[in-house]
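Naming: A, B, ... by sequence-line order, numbering from 1 per chain.
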Protein chains: 2
Amino acid sequence: MTKIRLDGAALAGGLERVVSLLRRLAAGDRISLTTADTLRTLDTGGPCRISELAALEGVTQPAMTQLVSRLEHDGLVERRSHPDDARVVMVHLTAAGAERLQARREARARLLDELAGRLSGDDRDALAAALPALERLVAAQTTYSGSTTT
Amino acid sequence: MTKIRLDGAALAGGLERVVSLLRRLAAGDRISLTTADTLRTLDTGGPCRISELAALEGVTQPAMTQLVSRLEHDGLVERRSHPDDARVVMVHLTAAGAERLQARREARARLLDELAGRLSGDDRDALAAALPALERLVAAQTTYSGSTTT
DNA sequence: TATTGTTATACTCTATAACTATA
DNA sequence: TATAGTTATAGAGTATAACAATA
């Protein structure tokens, strides 16, 4: 299509704007980015221990303990014990949590559908074609983790 | 390329993951998302009044007053008076603020370059081709604003 | 009287440090 | 002794309400 080579700076700028966009779309939301992303992690990756969730979300273990406590209080997740190690707490997404996440996604999808409706057909095609690549870009980071020392 | 029609839900899911990715990349950062986005807004849109910044970032006017005070204390922005209306405070990005933003972008660009390096050439092309569309998607929202009542 | 911004106060969320329980 | 998680305390950031200055 284009001969333009992908430039990290351009990509960073584009993604930076995406964050800005989503922040504005989610402005009316009660739920914080960390909270939403934690639910998303549990949804896509399945049950997870506190320490691993903390590492994934880039917060401390105590902070994740409290976040999980809030989510548990709201009925969105459940604490369960690990069968082989009594020290470990496995966090499970509840049906209510999955529903909450789904509702949030649908609301966002409606807004994005509306925005996408203002684009040209070519633009929409370009976005649709890039989604799988975006998926793999994120996967590359997840695999990467470990030496993310700033 | 693909015949797949752009689906708001798929787009929402993809963008959701992008946020997750960038949050993790920025984990070591001192600077918050709101702070970074405020600097970005000033950089791309030029000087701006407090109330407008607050509306753009989805925070209250007092919160923006305090954020601007912190940024001013750090030398990243400057308060100047509006020539025609003495009530208005115009917030200007300083050279130091622009540098800080640039440094953050470059660090991010390096990481993204590294991640993109693990993708196939086709994937990189797809991302490069989608960036202008992404740009226009964000622009559509900016134009939109006003009736974003949840 | 309406608008722009600031100050006062309370609440949420997070980090660091100290602690408990299990391996 | 090391690991997983919790509790205690303090600090950053935000919201609501009350206020000051200008239009």
Asks: Taking DNA chain C as the partner, which of residues 43-51 of chain B come within under 4.0 angstrom of it by heavy atom?
Replies: B:Arg49, B:Ile50, B:Ser51
Asks: In the 5'-to-3' direction, what one-character label does each nucleotide of nucleotides 18-23 of chain D receive under the scheme B = base within less than 4.0 Å of a protein heavy atom, S = sugar-phosphate only, - = no such atom?
Replies: ----BS
Asks: How many Å lie between NE2 on B:His73 and P on D:dG13, as a whole number?
Replies: 12 Å
Asks: Strictly under 3.5 Å: I want the nitrogen or oxygen pairs between protein and nucleotides 10-13 of chain C, one per line.
Replies:
{"residue": "C:dC13", "atom": "OP2", "partner": "A:Arg70", "partner atom": "NE", "Å": "3.2"}

Asks: With sequence neighbours excluded, what pairs up with B:Thr60 under the side-chain contact (heavy atoms from CB on, under 4.5 Å) test?
Replies: B:Pro62, B:Ala63
Asks: Considering only residues two or more places apart or on different chains, which pairs with a residue in residues 65-76 of chain B satisfy salt bridge (charged side-chain N to carboxylate O under 4.0 Å, His left out)?
Replies: B:Glu72-B:Arg79
Asks: Establish, with yes or no, whether the OP1 or OP2 oxygen of D:dT6 is under 4.0 angstrom from a side-chain nitrogen or oxygen of A:Thr65.
Replies: yes
Asks: How long is the line joining CG of A:Leu67 and P of D:dG5, in whole Å?
Replies: 14 Å
Asks: Could you tell me the separation between the CG atom of B:Leu53 and the C1' atom of C:dG5, rounded to a whole number of Å?
Replies: 13 Å
Asks: Taking atom P of D:dT16 as reference, at what distance in whole Å does atom CE of B:Met64 sit?
Replies: 15 Å
Asks: Residues two or more places apart in sequence or in another chain: which of them pass side-chain contact (heavy atoms from CB on, under 4.5 Å) with A:Asp7?
Replies: A:Ala9, A:Ala10
Asks: Do the non-hydrogen side-chain atoms of B:Leu33 and B:Leu22 ever get within less than 4.5 Å of each other?
Replies: no
Asks: For the pair made of NE2 in A:His82 and P in C:dA23, what is the distance, rounded to whole Å?
Replies: 11 Å
Asks: Test: salt bridge (charged side-chain N to carboxylate O under 4.0 Å, His left out). Region: residues 93-107 of chain B. Which pairs qualify, not counting sequence neighbours?
Replies: A:Glu16-B:Arg105, B:Asp29-B:Arg104, B:Asp43-B:Arg105
Asks: A:Gln61 CD to C:dT20 C1': how many Å, rounded?
Replies: 13 Å
Asks: Taking side-chain contact (heavy atoms from CB on, under 4.5 Å) as the test, write out the residues that go with B:Ser51, two or more places apart.
Replies: B:Arg49, B:Gln61
Asks: Please write out which residues are connected to A:Val89 in a hydrophobic cluster, directly or through intermediates, given that two of Ile, Leu, Val, Met, Phe, Trp, Tyr count as joined at side-chain heavy-atom separations below 4.5 angstrom.
Replies: A:Ile31, A:Leu39, A:Leu42, A:Ile50, A:Leu53, A:Val59, A:Met64, A:Leu67, A:Val68, A:Leu71, A:Leu76, A:Val77, A:Val91, A:Leu93, A:Leu101
Asks: Using the side-chain contact (heavy atoms from CB on, under 4.5 Å) criterion, which residues pair with B:Asp85? Sequence neighbours excluded.
Replies: B:His82, B:Arg87, B:Val88
Asks: Using whole Å, report how far CD of A:Glu52 lies from P of D:dT3.
Replies: 16 Å
Asks: Who pairs with A:Ser32 by side chain to side chain donor-acceptor pair (under 3.5 Å), at least two apart in sequence or on another chain?
Replies: A:Thr35
Asks: Do B:Leu115 and B:Leu111 make a side-chain contact, defined as non-hydrogen atoms from C-beta onward lying under 4.5 Å apart?
Replies: no
Asks: List in chain and number order the residues that pass side chain to side chain donor-acceptor pair (under 3.5 Å) with A:Arg17, two or more places apart in sequence or in another chain; answer none if no residue qualifies.
Replies: B:Glu135
Asks: When you measure from the side-chain N and O atoms of B:Arg79 to the phosphate of C:dT4, is any distance below 4.0 Å, counting only OP1 and OP2?
Replies: no
